[in-house]
Visitor: 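Here it is, the structure, as structure tokens.
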Amino acid sequence: MNADGRIRLNQTPEWTALAKHREELGEVRLRELFAADPGRGTAYTLRVGDLYVDYSKHLVTDGTLALLRELAAATDVFGLRDAMFRGERINTTEDRAVLHTALRAPREAVVEVDGENVVPAVHAVLDRMADFAERVRSGEWTGHTGRRIRNVVNIGIGGSDLGPAMAYEVLRPYTARDLTFRFVSNVDGADLHEATRDLDPAETLFIVASKTFTTIETVTNATSARTWLLDALGDEAAVARHFVALSTNAGKVADFGIDTANMFEFWDWVGGRYSYDSAIGLSLMIAIGPDRFREMLDGFRIVDEHFRTAPAEANVPLLLGLLGIWYNNFFDAQSHAVLPYSHYLSKFTAYLQQLDMESNGKYVGRDGREVEWQTGPVVWGTPGTNGQHAYYQLIHQGTKLIPADFIGFAEPVAELSDGLKAQHDLLMANFFAQTQALAFGKTPDEVRGEGVPEELVPHKTFKGNHPTTTILARELTPSVLGQLVALYEHKVFVQGAVWNIDSFDQWGVELGKVLAKRVEPALTEGAEVPGLDASTTALVATYRELRGR
Ligand code: F6P
């Protein structure tokens, strides 16, 4: 029994029914499922916005899907969803509402937190961002010496970096190509060095992005960036023209020396990993312009509305979340691959790693007790064709079950030359071929039929039966990016709801931060750290020796 009086997840009849169903299914074969139902390839598909989602290549039957939906009903996923959209404090360990959906609510919407409608404030910030972005893009906002801003450097980490850095990469074809954008996150000084070494300080704008404005990496890099700027321009007054802040913490922004008139605000009900459609997206908005940014928000909203209103059978985030649970909890799958067939999505999976793993990497439930079931998977992947020549071998013939999402587009990006556009069919032929090979494999008889010598038959046999979801859209537009991100946000939500964990806190990152603060004086001054373990003591001593200290 849970502390809240509910039966523990793994003791519910719905969970037990799924475990039994899994046993009964045994070694279910995708080849057989397709042979038994010629309509499967179209029946097991859904559409949301511009996304066509094929889930036919999953190890599921209608019965499996029904049982998974029963699990969702028993764990009241839609109840928690409605509480989120209503602005209730569903992030219980931090006592906060979870309202990234309000960031893309239309102007006339009403979303209340503690009785106050937050939508006007959301749009007021978006309007200020738009005004500022236009001024930078047009050259009206100049640097301290009167020169145009030509370089924008976003300094932030985690959610204050991965979102804008990913989206900038995705939407490159829509960006102002006469501006240079860089994203600095690592406290390794090499990151800032490489980002700034060829830039002219008089033409460089730093955007310091930090929800808390206490993150040591970001504050350290921002301080170094200020020194870099002032060394060149020699006047404190320059900071006001070359630094803006994105934060929820006006006090800390002012302490740092950035005028709060140059601060773009967001709110504690926006989690860091859910924040790039807030003020944290300012660098992106400068890059693509306010209209494209709004198109992206419209895309988010399409999927928000779908998640909020679509019935369980047609609800794509619900389905994807449940399929993940099916493998994670009933097939012992440890990881989940996301494999985009678009060069522009090269940072998409890295972005999803924080979204998913920081949200659902928890072993304590919402009731304060340790869970007795697996929670979030390891999320990984890189653009597909590159992966094919690297790690796909293990997905095809390794010993692990790795469910994967394949994301591809019908149209190549418009600005490619005709010759490069012609390569798109080859890219997509790989996209379709891989999910086919993964699902259906190649039997020993098929291999023999090709005249392969008997001793090589086992090596050249593909067992197949590797489950994949295919997500296909016509074109990678700002709206489609918003749709994709919202889809994964809500998928992660569904899984956290079923596993009964708080997907919106991240206490697990705190200990390392505290220990780094304790260890730093030992590195710099050789200070003694009370209670330091023997391994770390020896490592610190070796480090100091190697540095000649
Ligand atoms: O340490 C983890 C974390 O808190 C993330 O959740 C967050 O996105 C990141 O650090 C950056 O935090 P901030 O935006 O407050 O600098």
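Not measured: the values here are computed from a predicted model. Order of appearance sets the numbers: ligands from 1, and atoms from 1 within every ligand.
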Visitor: Passes side chain to side chain contact (heavy atoms under 4.5 Å, CB included), Asn186 versus Glu194? Steps please.
Guide: CA-CA 11 Å; Asn186 199 327; Glu194 289 296 336; over 6 Å; no
Visitor: Please collect all ring-ring contact (aromatic ring centres under 6.0 Å, His included) contacts where either partner lies in residues 158-184, sequence neighbours excluded, each pair once.
Guide: Tyr168-Phe181, Tyr168-Phe183
Visitor: May I have all residue pairs that pass ring-ring contact (aromatic ring centres under 6.0 Å, His included) and include part of residues 500-538, sequence neighbours excluded?
Guide: Tyr274-Phe504
Visitor: Below 4.0 Å from any atom of ligand 1, which residues have a heavy atom? Give them in chain and number order, please.
Guide: Ile157, Gly158, Gly159, Ser160, Ser210, Lys211, Thr212, Thr215, Gly272, Gln354, Glu358, Gln506, Val509, Lys513
Visitor: The criterion is side chain to side chain contact (heavy atoms under 4.5 Å, CB included); which residues satisfy it with Arg128, sequence neighbours excluded?
Guide: Phe264
Visitor: Is the closest side-chain heavy-atom distance between Val378 and Gln334 below 4.5 Å?
Guide: no
Visitor: So is Arg81 actually on top of Phe78's ring, under 6.0 Å and inside 45° of the axis?
Guide: yes
